[in-house]
Number of protein chains: 2
Amino acid sequence: MKLEKLAEILKTVAHEKRLRILVLLEEFDQNICVCEFVDALNVPQYQVSQHLRELRGKDLVRGNRDGTWVYYSINPDLPRDVRRLIEGLLEHLDSEDYSREMEKLEERLELREDGKCVIGYDESDE
Amino acid sequence: MKLEKLAEILKTVAHEKRLRILVLLEEFDQNICVCEFVDALNVPQYQVSQHLRELRGKDLVRGNRDGTWVYYSINPDLPRDVRRLIEGLLEHLDSEDYSREMEKLEERLELREDGKCVIGYDESDE
DNA sequence: AGGTTGTATGCAATTATGTACATATAGCTA
DNA sequence: TAGCTATATGTACATAATTGCATACAACCT
């Protein structure tokens with residue numbers, strides 16, 4: 001991959017919240033909607049949307065609208081080298097470091113009906 | 001590795017010039033002095049020093065002074081996981097993308113005497 | 001000591017990034 | 001249609017990164 005491209009991707013990814021978003025997408029390997037991120041990461045909705053927009057802007061991530069909900073996933077059309085780069089990065093993480101988010105997200109996913117999110121996010125974001 | 005640590009390293013590394021510096025250090029696997037970087041990368045001396053300072057600040061790189069010259073290398077005491085991270089990142093690069101710098105650096109290294117740099121950098125930095 | 005050369009740093013100007021809030025938009029439902 | 005909910009975006013502000021330049025510092029040499 002070109003050096004400029006690598007630098008660009010690293011810059012996009014070099015942010016705590018965006019890393020957390022990517023980890024959850026990688027680990028659960030399924031579509032996750034914005035409100036599920038909000039609850040799992042305990043980050044205000046506008047921030048989640050903003051980070052997702054950045055990731056989307058670099059084509060790392062893709063959103064699919066289903067009604068009012070928008071489900072995000074790692075962009076399945078990502079070039080193989082970029083894909084491997086991302087995976088490689090995340091492999092360096094201690095899993096304890098995001099286990100709490102994993103658990104929270106798991107709880108949220110259990111609230112889905114027919115595989116779909118049916119509730120919003122908790123307004124009382126501490 | 002902790003997620004914040006990963007984000008921090010990625011942020012430090014997510015810069016075209018700093019990536020080029022790291023590539024050269026990895027590929028040549030030896031001490032390289034500031035003026036050699038200046039000529040190889042064709043970047044003003046103060047910029048090279050600044051980028052090296054940032055890399056040094058995060059302990060990714062180490063400088064050893066020998067007379068007026070300062071030779072840099074990948075920090076040999078880098079924790080193994082960090083070391084692997086850096087190596088992993090650089091492996092994604094097309095080597096054509098930095099082959100010119102490699103050649104220029106090779107030429108510069110040939111001008112060393114007894115393994116030591118004996119000239120400065122070219123003032124006429126285009 | 002004085003001059004020279006390689007390297008580092010401080011400062012100012014610009015640009016980019018992060019954050020918070022308000023509000024807009026899209027699609028649902030009644 | 002109106003109202004609601006999920007998501008997206010615009011704006012404003014603070015903060016950080018980048019860049020260019022001048023200059024300081026360190027070590028050498030005469």
Side-chain angles (χ1 to χ4, degrees), chain A residues 4 7-8 10-21 31-58 61-72 108 111-113 116-123 125-126, chain B residues 4 7-21 31-58 61-72 108 111-113 116-126:
Chain A
E4 286 81 4
E8 189 191 24
L10 294 182
K11 225 153 83 168
T12 306
V13 161
H15 187 289
E16 193 227 325
K17 297 297 190 306
R18 292 197 284 274
L19 278 177
R20 291 198 189 277
I21 287 174
N31 294 338
I32 297 174
C33 83
V34 177
C35 62
E36 288 167 340
F37 278 122
V38 170
D39 280 354
L41 297 176
N42 204 33
V43 164
Q45 175 268 322
Y46 65 82
Q47 278 195 18
V48 171
S49 282
Q50 273 171 164
H51 289 309
L52 286 170
R53 170 167 49 169
E54 287 202 53
L55 294 171
R56 222 188 321 132
K58 306 295 181 188
V61 129
R62 238 184 36 184
N64 283 86
R65 182 176 282 273
D66 178 7
T68 40
W69 286 271
V70 178
Y71 294 88
Y72 280 88
R108 270 298 313 247
L111 301 179
R112 286 191 180 186
E113 291 174 12
K116 294 188 179 185
C117 180
V118 292
I119 59 174
Y121 57 91
D122 190 2
E123 292 275 5
D125 36 77
E126 321 145 33
Chain B
E4 286 82 3
E8 189 192 24
I9 294 176
L10 294 182
K11 222 152 85 168
T12 305
V13 161
H15 187 289
E16 193 227 326
K17 296 296 190 307
R18 291 197 286 274
L19 278 177
R20 291 198 190 275
I21 287 173
N31 293 338
I32 297 172
C33 83
V34 178
C35 64
E36 288 166 340
F37 279 122
V38 170
D39 281 353
L41 298 176
N42 204 34
V43 164
Q45 175 268 321
Y46 66 83
Q47 278 196 16
V48 171
S49 283
Q50 273 170 166
H51 289 309
L52 286 171
R53 170 166 53 170
E54 288 202 54
L55 294 171
R56 223 189 319 134
K58 305 295 181 189
V61 129
R62 238 183 37 182
N64 283 86
R65 182 177 283 273
D66 179 5
T68 40
W69 286 272
V70 179
Y71 294 88
Y72 281 87
R108 270 298 313 247
L111 301 179
R112 285 191 180 185
E113 291 173 13
K116 294 187 178 185
C117 180
V118 291
I119 58 173
Y121 56 91
D122 189 1
E123 292 276 8
S124 65
D125 35 81
E126 322 144 31

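So you know, we letter chains A, B, ... as the sequences are listed, proteins then strands, and number each from 1.
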*asked:* Under 4.0 Å, counting only non-hydrogen atoms across every strand here, what does B/C33 touch: a base, just sugar-phosphate, or nothing?
replied: sugar-phosphate
*Please tell me which of the listed nucleotides, D/dT7, C/dT9, D/dT9, lies nearest to the side chain of A/W69?*
D/dT7
*Please report, rounded to the nearest Å, how far the P atom of D/dT5 is from the CG atom of A/D39.*
15 Å
*asked:* One character per nucleotide, please: for nucleotides 24-30 of chain D, 5' to 3', B when the base has a protein heavy atom closer than 4.0 Å, S when only the sugar-phosphate does, - otherwise.
replied: ---BS--
*Within a strict 4.5 Å, meaning less than it, do heavy atoms of the B/F37 and B/I32 side chains meet?*
yes
Give every pair of a protein N or O atom and an N or O atom of nucleotides 17-23 of chain C that lie under 3.5 Å apart, one pair per line with the distance.
residue: C/dG18; atom: OP1; partner: A/R18; partner atom: NH2; Å: 3.4
residue: C/dA20; atom: OP2; partner: A/Q47; partner atom: NE2; Å: 2.6
residue: C/dA20; atom: N6; partner: A/Q50; partner atom: OE1; Å: 3.4

*Under 4.0 Å between a side-chain N/O of A/Y72 and OP1 or OP2 of D/dA6, yes or no?*
no
*Could you give the CG-to-C1' distance, from B/L10 to D/dA17, as a whole number of Å?*
16 Å
*Does a side-chain N-to-carboxylate-O contact under 4.0 Å join B/K58 and B/E54?*
no
*Determine which pairs satisfy salt bridge (Lys or Arg N to Asp or Glu O under 4.0 Å) with at least one residue from residues 31-48 of chain A, sequence neighbours left out, and list them in order.*
A/E36-A/R112, A/D39-A/R108
*When rounded to the nearest 0.5 angstrom, what distance separates CG in B/L10 from NE2 in B/H15?*
15.0 Å
*With sequence neighbours left out, which residue pairs that include part of residues 40-49 of chain B fulfil the salt bridge (Lys or Arg N to Asp or Glu O under 4.0 Å) condition?*
none
*For B/K58 and D/dA16, give me the distance from atom NZ to atom C1', rounded to whole Å.*
12 Å
*With the threshold set at 4.0 Å, does a side-chain nitrogen-carboxylate oxygen contact exist between A/K17 and B/E4?*
no
*Partner of A/H51 under side chain to side chain donor-acceptor pair (under 3.5 Å), chosen from A/R20, A/E16, A/R18*: A/R18
*Would you please name every residue forming a side-chain hydrogen bond (donor to acceptor under 3.5 Å, both in side chains) with B/Y72, sequence neighbours left out?*
B/R56
_To the nearest 10°, give me the bend of the helix from C/dA1-D/dT30 to C/dA30-D/dT1, comparing the axes of its five terminal pairs at either end._
10°
*Expressed in angstrom and rounded to an integer, what is the separation of B/R53 atom CZ from D/dA17 atom P?*
13 Å
*Could you give the CD-to-P distance, from A/E16 to D/dA16, as a whole number of Å?*
16 Å
_Protein-nucleotide distance (A/N64, atom CG; D/dA6, atom C1'), rounded to Å_ = 16 Å
*State, yes or no, whether a side-chain contact exists between B/V38 and B/P44 at a heavy-atom distance under 4.5 Å.*
no
*asked:* For B/T12 and B/E8, which I'm curious about, is there any donor-acceptor pair between the side chains at under 3.5 Å?
replied: no
_Expressed as a whole number of angstroms, how long is the span from B/L41:CG to D/dT19:C1'?_
16 Å
*Distance, rounded to the nearest Å, where B/Y71 contributes OH and C/dA8 contributes P*: 13 Å
_Atom pair CG (A/L52) and CD1 (A/I21), whose distance is rounded to the nearest 0.5 Å_ = 4.5 Å
*Flag, side chain of B/Y71 to backbone of B/K116, donor-acceptor distance under 3.5 Å*: no
*Among C/dG6, C/dG10, D/dT7, the nucleotide that comes nearest once only the side chain of A/V34 is considered*: D/dT7
